[in-house]
Each structure stands twice: as C-alpha cells, then as structure tokens.
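The structure under discussion appears below in the form of structure tokens.
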Amino acid sequence: MTMTDLRNIGVIGAGTMGNGIAQTCALAGFPVVLQDLSDAALDRARKTMEGSLARLVKKATLTEAQAADTLARITMTTTLDLMADRDIVIEAIVEKLEVKAAILGKLDAICRADAVLASNTSSISLTQLAAASAHPGRVIGMHFFNPVPVMQLVEIIRALQTTDAVAEAVTALTHAIGKTPRVSKDSYGFIVNRLLAPQINEAINCVYEGLATPEDIDSMMKLGANHPMGPLALGDLIGLDVVLNIMETLYDGFDDPKYRPSPLLKQMVSAGYLGRKAGKGFAEYPAA
C-alpha cells in the first residue's frame, strides 16, 4: 500500500475533533466525506470550519479562494453509505469502546476490504478495536490533538494486528496533510496521554487536598517547569470529562492504583463542570 492509495478520506463524527480533522485534510487538498447523525451537528461543524478558515484568511495565512476551495472539498452526510468509496475512514466519535467497535463493524459491511479504518481514540486499546473488525490488519490509530488545525502531532498507534503496509501508508498520509507523525505500539493511553493525563489528575488532587489554589498550581508549573500552560488550564481545555475517560481507561487497563482518578475530578464531571466547553471548570469561561 502506498500513499496514492489513501486519497479519498472519510471522517465519522463532526464534533470538535472530527471537524478539525476534516478541515485539515481538505485544506491539504484531499476530498473528504464528513458524517454525523444529524443535520444540526453538521451545520455546527460547517460554521466552526468557516470561522476557523476565516481567521486564517484574516491572518493572511490563507486566501478567500483557498478557504472556499477547502470547504468545497468537504461533503457532509448523515449516513455511512458515502464511505463506500473512501480509501481511509477516520472515526472521531465518543470515547467508548463498544460504540467505536460497533462503527467498525458497520464499516466492514460498507467499505472496500482494502480501505484503512483509523480511530482517533485518545486512550482505548487499538488491539481491542481491531478485533472488532473482520479485517483487523487494516485498523490503526490516528490520534490527533485539539485544536486539530493548530497542533502538529498525530500519534500513529499500531494495533497488534496492524500490517506494516497500513502503518506506512497512514504515516505518509499524516505527512501529506501537514502533520508530524510519531509511531507507538498499542498500550492504554499510548504515549502523550499516558504521561499527560496523570499529571493533570495529580494537579487536581493537589486542589482536592487544599495544597494551593488552582491559579497558583498552574502558575508554579508555568514558572517552575516552563510549561506554556498549567495542567488545570490544560484539563479545562481538553475537557475534564475527557480527562476522566482517559484516567479510567488507564486505571482499568493497567489495574494500577497510580492511575486512580481524583475524587474531585469525578465530582466536577458529575456536576457538569467540564472546562471551557461548559463555561466552568477550574476557571470561569464567560460566553463570548
């Protein structure tokens, strides 16, 4: 399998990650089919992409014609049928093993046998996901980071079953869409989230134990560790529900108490204090 095999791209899920992936691929010149369950979700995605591209035009990074061409390369649909001619389909749906596995099963019945099925999962075992496909060798992880148009890294996660040809083709595609691929073997949380989520979780424990204010904890990590953003602000940006999902995946997967989610993290998610997207997390985020 070569780079030319992966030309037509499908993206499932038009949320924050999905529309970012679709925009990034279309901006690089690839035709994209973006699928979600409702027209309302697709309308929100289009508005988000229009706003993102407009900001690039304002910065003179992009011309208005290039922005219009990018949007024109994206076809939106509420059914999976249009994935039939895709060379690669990237799912970016809810971070639940059973939901992602069900989508892979549906794609097996729709996509060509040689189409690549990629998951944007942030922590779920790709080996488990691949086992849900009738063609497990074509399943691979493409973990993009938020905001997708800005963040350079894509973690390429090889399931135990992933073939060399698929890994090579997806790595080449990642370069072609202007991102930097780094390959990891399959393990819960992979590399970035295995390191990052426990740090955020431990910062939350520091708040829970009353050691310092959220503002001071973030300030200490910026001033003392030269981090551009404190761990609590980063958790708010990622979404505290996402952080909790990752910690639960690590905790369940490794059966190791060092990955136990903070009680305060659980409480905040239960309260709906999810961070920026909810307007409240460890800081307040007034609506624009």
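Every value quoted in this text rests on a predicted model; they were computed, and no experiment measured them.
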Self-check item: Heavy-atom side-chain contact between V116 and M142 under 4.5 Å
Solution: no
Exercise. Spell out, as yes or no, whether a donor-acceptor pair under 3.5 Å connects the side chain of K258 to the backbone of P198.
Key: no
Quiz item: Below 4.5 Å, heavy atoms only, C-beta onward: do T174 and K179 meet side chain to side chain?
Solution: yes
Quiz prompt | H135 NE2 to Q161 CD distance, which is reported to the nearest 0.5 Å | solution = 13.5 Å
Quiz item: Between S133 and D108, does any side-chain donor sit less than 3.5 Å from a side-chain acceptor?
Solution: yes
Self-check item: Where A26 and V32 come nearest, the two heavy atoms and their spacing
Solution: N-CG2, 3.9 Å
Quiz item: Is it the case that one hydrophobic cluster holds both I93 and I21, taking links as side-chain heavy atoms less than 4.5 Å apart, direct or via other members?
Solution: no
Exercise. Determine yes or no for a side-chain-to-main-chain donor-acceptor pair under 3.5 angstrom, with N120 supplying the side chain and F144 the backbone.
Key: yes
Practice problem: Give the cluster check for I103 versus L34: same hydrophobic cluster or not, with ILVMFWY residues linked at side-chain heavy-atom distances below 4.5 Å. | Solution: no
Exercise. Kindly give the heavy-atom pair with the smallest separation between A41 and D36, and that separation in Å.
Key: CB-CG, 3.7 Å
Quiz item: Are any non-hydrogen side-chain atoms of L274 and V269 less than 4.5 angstrom apart?
Solution: yes
Quiz item: Ignoring hydrogens and geometry, is there a side-chain-to-backbone donor-acceptor pair from T162 to G137 under 3.5 Å?
Solution: no
Quiz item: Is the backbone of S262 close enough, under 3.5 Å, to the side chain of N201 for a donor and an acceptor to pair up by distance?
Solution: yes
Quiz prompt | Main-chain N/O of A115 paired to R138 side chain as donor or acceptor, under 3.5 Å | solution = yes
Quiz prompt | Side-chain H-bond candidate by donor/acceptor type, S119 with E91, under 3.5 Å | solution = yes
Self-check item: Euclidean distance, L37 CG relative to T79 OG1, rounded to 0.5 Å
Solution: 10.5 Å
Quiz item: Is it true that the NZ or CZ of R7 lies under 6.0 Å from the centre of F30's six-membered ring and within 45 degrees of the ring axis?
Solution: yes
Exercise. Check whether any side-chain N or O of N193 sits under 3.5 Å from a backbone N or O of S123 as a donor-acceptor pair, and report yes or no.
Key: no
Exercise. Compare all side-chain heavy atoms of E215 with those of D218 and state whether any distance is below 4.5 angstrom.
Key: no
Quiz item: Should C25 and V11 be marked as a side-chain contact (heavy atoms from CB on, under 4.5 Å) after you check the CA-CA gap, both sets of side-chain angles, and the distance that decides it?
Solution: CA-CA 10 Å; C25 294; V11 179; 5.5 Å; no
Practice problem: Provide the closest heavy-atom pair for F254 versus R194 in the form atom of the first, atom of the second, distance. | Solution: CZ-NH1, 3.6 Å
Quiz item: Between CG of L53 and CD of Q23, what distance do you get to the nearest 0.5 Å?
Solution: 4.0 Å
Quiz item: So L97 and L129, side-chain contact (heavy atoms from CB on, under 4.5 Å) or not? Walk me through it.
Solution: CA-CA 7 Å; L97 173 62; L129 287 176; 3.5 Å; yes
Quiz item: Should L27 and L62 be marked as a side-chain contact (heavy atoms from CB on, under 4.5 Å) after you check the CA-CA gap, both sets of side-chain angles, and the distance that decides it?
Solution: CA-CA 10 Å; L27 184 58; L62 212 62; 3.6 Å; yes
Quiz prompt | Nearest heavy-atom neighbours spanning R260 and M247 | solution = O-CE, 4.4 Å
Quiz prompt | Neighbour count above 12 (heavy atom, 6.0 Å) for E209 CD | solution = yes
Practice problem: Say whether, by atom type as modelled, one donor and one acceptor occur between the side chain of T127 and the main chain of L160 under 3.5 angstrom. | Solution: yes
Quiz item: Is it true that V33 and M49 fall in one hydrophobic cluster, defined by side-chain heavy atoms closer than 4.5 Å?
Solution: no
Exercise. Would you name the heavy atoms of I74 and A22 that are closest together and state the gap between them?
Key: CD1-O, 4.0 Å
Quiz item: Is any side-chain heavy atom of P31 closer than 4.5 Å to a side-chain heavy atom of I9?
Solution: no
Practice problem: Specify the closest pair of heavy atoms between A130 and A159, including all atoms of both residues, with the distance to one decimal. | Solution: CB-CB, 4.0 Å
Practice problem: Could you tell me whether the side chain of D236 and the main chain of A283 form a donor-acceptor pair under 3.5 Å? | Solution: yes
Self-check item: Student check: side-chain heavy atoms of F190 and L126 closer than 4.5 Å
Solution: yes
Exercise. Look up atom OG1 in T24 and atom CG in N19, then write down how far apart they are to the nearest 0.5 Å.
Key: 9.0 Å
Exercise. Determine whether N205 and P263 make a side-chain contact, defined as any pair of heavy atoms from C-beta on separated by less than 4.5 Å.
Key: yes
Exercise. Assess whether side-chain contact (heavy atoms from CB on, under 4.5 Å) is satisfied between Q66 and V57, documenting all intermediate values.
Key: CA-CA 9 Å; Q66 288 172 319; V57 171; over 6 Å; no
Quiz prompt | Rounded distance (nearest 0.5 Å) linking atom OG1 of T16 with atom CD1 of I238 | solution = 12.5 Å
Quiz item: With no hydrogens and no angle check, is any side-chain donor or acceptor of S52 less than 3.5 Å from a backbone partner on T48?
Solution: no
Practice problem: Please round to the nearest 0.5 Å and tell me the distance separating atom CZ of F282 and atom CG of L265. | Solution: 7.0 Å
Self-check item: Donor-acceptor contact below 3.5 Å, side chain D87 vs main chain N8
Solution: yes
Practice problem: State which residue, out of E95, E155, H143, fulfils the side-chain hydrogen bond (donor to acceptor under 3.5 Å, both in side chains) condition with S122. | Solution: E95
Quiz item: Testing I157, I156, L117, I88 for side-chain contact (heavy atoms from CB on, under 4.5 Å) with I140, which one passes?
Solution: I156
Self-check item: Student check: side-chain heavy atoms of K277 and V242 closer than 4.5 Å
Solution: yes
